[in-house]
Student: 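I have a structure I would like to understand better, so I am pasting it below and will then ask my questions one at a time.
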Amino acid sequence: MKIGIIGAGNIGGNLTRRLTALGHDVRVANSRGPETLRELAEETGATPVRAEEAAEGAQVVVVTVPLKAVPDLPAGLLDGAAEGAAVIDTGNYYPRERDGRIAAIEDEGRTESAWTEQHLGHPVIKAFNGTYAQDILDRHRPAGAPDRLALPVAGDDEAAKRTVRELIDELGFDTVDAGAIADSWRQQPGTPVYGLREGEAAVRKALREATPERPADFRG
Ligand SMILES: NC(=O)c1ccc[n+]([C@@H]2O[C@H](COP(=O)([O-])OP(=O)(O)OC[C@H]3O[C@@H](n4cnc5c(N)ncnc54)[C@H](OP(=O)(O)O)[C@@H]3O)[C@@H](O)[C@H]2O)c1
């Protein structure tokens with residue numbers, strides 16, 4: 001599958017490693033330009049590109065940059081993606097440590113992914129946001145393994161969600177349908193499922209037990 005990854009840090013780098021190992025055709029971009037991604041490209045066989053080129057022809061695009069960087073992404077970022085492409089949003093809002101206060105998220109009660117999809121001008125599928133980057137490399141397991149982890153996946157586009165869930169299964173994790181983007185507060189930072197390393201049943205339970213109020217540590 002053709003996959004574009006925008007952001008080559010902890011999450012983007014490890015997704016590049018695993019997705020290329022599985023035989024996918026990966027283009028990867030960061031903010032500083034493809035020449036700074038030579039090492040990752042040599043290690044993985046991914047094609048380093050400018051952010052504007054990352055989505056070209058891709059059936060899946062992963063946007064994995066700090067939340068505050070989303071508005072800085074080039075306009076038309078996803079224009080060249082394949083028809084019906086699934087856009088994965090791994091983002092989290094860390095107002096105190098990284099992102100600064102974003103009024104639209106805190107005051108208007110919008111989910112982080114709803115804010116991101118508005119900036120991208122494209123629906124997103126929220127996945128990996130509560131997954132430790134290192135687990136992408138170290139904790140994948142074959143289907144049916146008793147210690148296989150499950151990841152919540154939220155989104156409004158059912159076909160795109162299915163594509164993403166199948167890809168995550170291929171990456172070695174189970175998934176739980178966490179509902180629509182409007183419900184995705186259930187997997188945001190500070191919720192019971194955030195960072196949870198458990199299987200499907202525990203992930204379902206944690207999603208059910210979430211409460212909508214944003215915890216103080218995650219308010220700006
Ligand atoms: N780290 C984790 O374990 C983890 C787990 C789950 C979710 N997340 C979330 O996933 C997102 C990414 O996290 P991360 O830890 O992978 O971040 P990170 O290590 O800081 O890497 C961020 C990447 O985004 C790139 N970037 C920043 N601004 C950009 C722009 N305008 N255009 C193109 N690329 C840009 C950076 O490129 P340059 O280096 O060239 O600036 C870098 O490659 C965050 O929202 C984070 O909260 C992280």
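Keep in mind the model is a prediction, meaning the values are calculated, not measured. Ligands are counted one by one from 1 in listed order, and the atoms in each one are counted from 1 as well.
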Student: Counting only nitrogen or oxygen atoms and a 3.5 angstrom limit, does Pro66 reach ligand 1?
Tutor: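 In fact, backbone or side chain, Pro66 has no N or O that close.
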Student: Could you tell me, atom by atom, which parts of ligand 1 come under 4.0 Å of a heavy atom of Gly7?
Tutor: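 Counting from 1, the qualifying ligand atoms are 23 (C), 24 (O), 25 (C), 43 (O).
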Student: Write out the residue and atom name of the closest protein heavy atom to atom 4 (C) of ligand 1, then the distance separating them to 0.1 Å.
Tutor: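 Here the nearest protein heavy atom works out to Ile11 CG1, 3.5 Å.
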Student: Does Gly91, backbone or side chain, put an N or O under 3.5 Å from an N or O of ligand 1?
Tutor: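 Such a contact does not occur with ligand 1.
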Student: Check whether any N or O atom of Ala133, backbone or side chain, sits under 3.5 Å from an N or O atom of ligand 1, and answer yes or no.
Tutor: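 In this structure, Ala133 places an N or O atom under 3.5 Å from an N or O of ligand 1.
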Student: CG of Asn129 to CG of Leu151: how many Å apart, nearest 0.5 Å?
Tutor: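 So the CG of Asn129 and the CG of Leu151 are separated by 9.5 Å.
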Student: Is there at least one pair of N or O atoms, one from Asn10 and one from ligand 1, spaced under 3.5 Å apart?
Tutor: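 Yes, at least one N or O pair falls under 3.5 Å.
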Student: Using a heavy-atom cut-off of under 4.0 Å, does the side chain or the backbone of Thr131 touch ligand 1, or both, or neither?
Tutor: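 Only the backbone of Thr131 comes within reach of ligand 1.
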Student: Between Arg148 and Asp169, does at least one N-O distance fall below 4.0 Å, as a salt bridge requires?
Tutor: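 Asp169 and Arg148: salt-bridged.
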Student: If we check side-chain contact (heavy atoms from CB on, under 4.5 Å) with Glu117, which of these qualifies: Asp89, Asp156, Val87, Val63?
Tutor: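 Filter result, single survivor: Asp156.
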Student: Which heavy-atom pair separates Asp135 from Arg197 by the least distance, and what is that distance?
Tutor: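 Smallest heavy-atom distance, with atoms named: OD2-NE, 2.8 Å.
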Student: Which protein non-hydrogen atom lies closest to atom 10 (O) of ligand 1, naming both residue and atom, and how far is it?
Tutor: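 In this structure, atom 10 (O) of ligand 1 has Thr90 OG1, 2.9 Å as its nearest protein heavy atom.
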Student: Which atoms from ligand 1 have a heavy atom of Ala69 less than 4.0 Å away?
Tutor: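 Matching atoms, with element in brackets: 28 (N).
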Student: For atom 32 (N) of ligand 1, what's the nearest protein heavy-atom neighbour? Residue, atom name and distance, please.
Tutor: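 Answer, as residue, atom name and distance: Leu73 CD2, 3.4 Å.
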Student: Counting distance only, does the side-chain N/O of Glu198 pair as donor-acceptor with the main-chain N or O of Val203 below 3.5 Å?
Tutor: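 It does not hold such a pair.
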Student: Ligand 1 and Tyr132, any nitrogen or oxygen pair closer than 3.5 angstrom?
Tutor: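 Checking ligand 1 against Tyr132, no N or O pair falls under 3.5 Å apart.
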Student: In ligand 1, which numbered atoms sit nearer than 4.0 Å to a non-hydrogen atom of Asn129?
Tutor: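 It comes down to these atoms of ligand 1: 6 (C), 7 (C).
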Student: Report the part of Asn92 in contact with ligand 1, treating N, CA, C, O as backbone and CB onward as side chain, heavy atoms under 4.0 Å; options are side chain, backbone, both, neither.
Tutor: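 The answer is both, backbone and side chain.
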Student: In this structure, which one of Tyr94, Tyr93, Trp185 forms a ring pair (Phe, Tyr, Trp, His ring centres under 6.0 Å) with Phe218?
Tutor: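 Exactly one candidate clears the test, Tyr94.
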Student: Show the nearest heavy-atom pair for residues Leu37 and Ala8, with the distance to one decimal.
Tutor: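 Answer, listing the atom of Leu37 first, then Ala8: CD2-CB, 3.5 Å.
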Student: Measure the shortest side-chain to side-chain distance between Met1 and Thr163 over non-hydrogen atoms and say whether it is less than 4.5 angstrom.
Tutor: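 They are in side-chain contact.
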Student: So, does Arg98 sit close enough to ligand 1 that a heavy atom of it is under 4.0 Å from the ligand?
Tutor: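 Yes; Arg98 lies near enough to ligand 1 that a heavy-atom distance drops under 4.0 Å.
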Student: Are any of the N/O atoms in Phe128 less than 3.5 Å from those in ligand 1?
Tutor: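 Not met; the criterion fails.
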Student: Would one find an N or O of Asp72, backbone or side chain, under 3.5 Å from an N or O of ligand 1?
Tutor: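 Looking only at distances, the answer is no, because the N/O contact criterion of under 3.5 Å is not met.
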Student: Would one find an N or O of Arg32, backbone or side chain, under 3.5 Å from an N or O of ligand 1?
Tutor: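 It does: an N or O of Arg32 is found under 3.5 Å from an N or O of ligand 1.
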Student: Taking Leu67 as the starting point, is it possible to reach Leu77 by hopping between hydrophobic residues whose side chains are less than 4.5 Å apart?
Tutor: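 Yes, it is one cluster - the side chains of Leu77 and Leu67 are joined through contacts under 4.5 Å.
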Student: Is Glu200 salt-bridged to Arg204, going by a charged N under 4.0 Å from an acidic O?
Tutor: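 A salt bridge links Glu200 with Arg204.
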Student: Could you check whether Arg17 pairs with Glu43 (Lys NZ or Arg NE/NH1/NH2 to Asp/Glu carboxylate O, under 4.0 Å)?
Tutor: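 Salt bridge between Arg17 and Glu43, a charged N being under 4.0 Å from a carboxylate O: yes.
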Student: Atom 26 (N) of ligand 1: which protein heavy atom is closest, and how many Å away?
Tutor: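 The closest one turns out to be Val65 CG1, 3.6 Å.
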Student: Indicate yes or no: does Glu106 engage Arg219 in a salt bridge with an N to O separation below 4.0 Å.
Tutor: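 Judged by the 4.0 Å cut-off on N to carboxylate O distance, Glu106 and Arg219 do not form a salt bridge.
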Student: Would you say Gly9 and ligand 1 have an N/O pair spaced under 3.5 Å apart?
Tutor: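 Yes, since at least one N or O of Gly9 sits under 3.5 Å from an N or O of ligand 1.
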Student: Would you indicate which of Ser31, Ala8, Pro71 comes nearest to atom 41 (O) of ligand 1 when only heavy atoms are counted?
Tutor: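 Minimum heavy-atom distance to atom 41 (O) of ligand 1 goes to Ser31.
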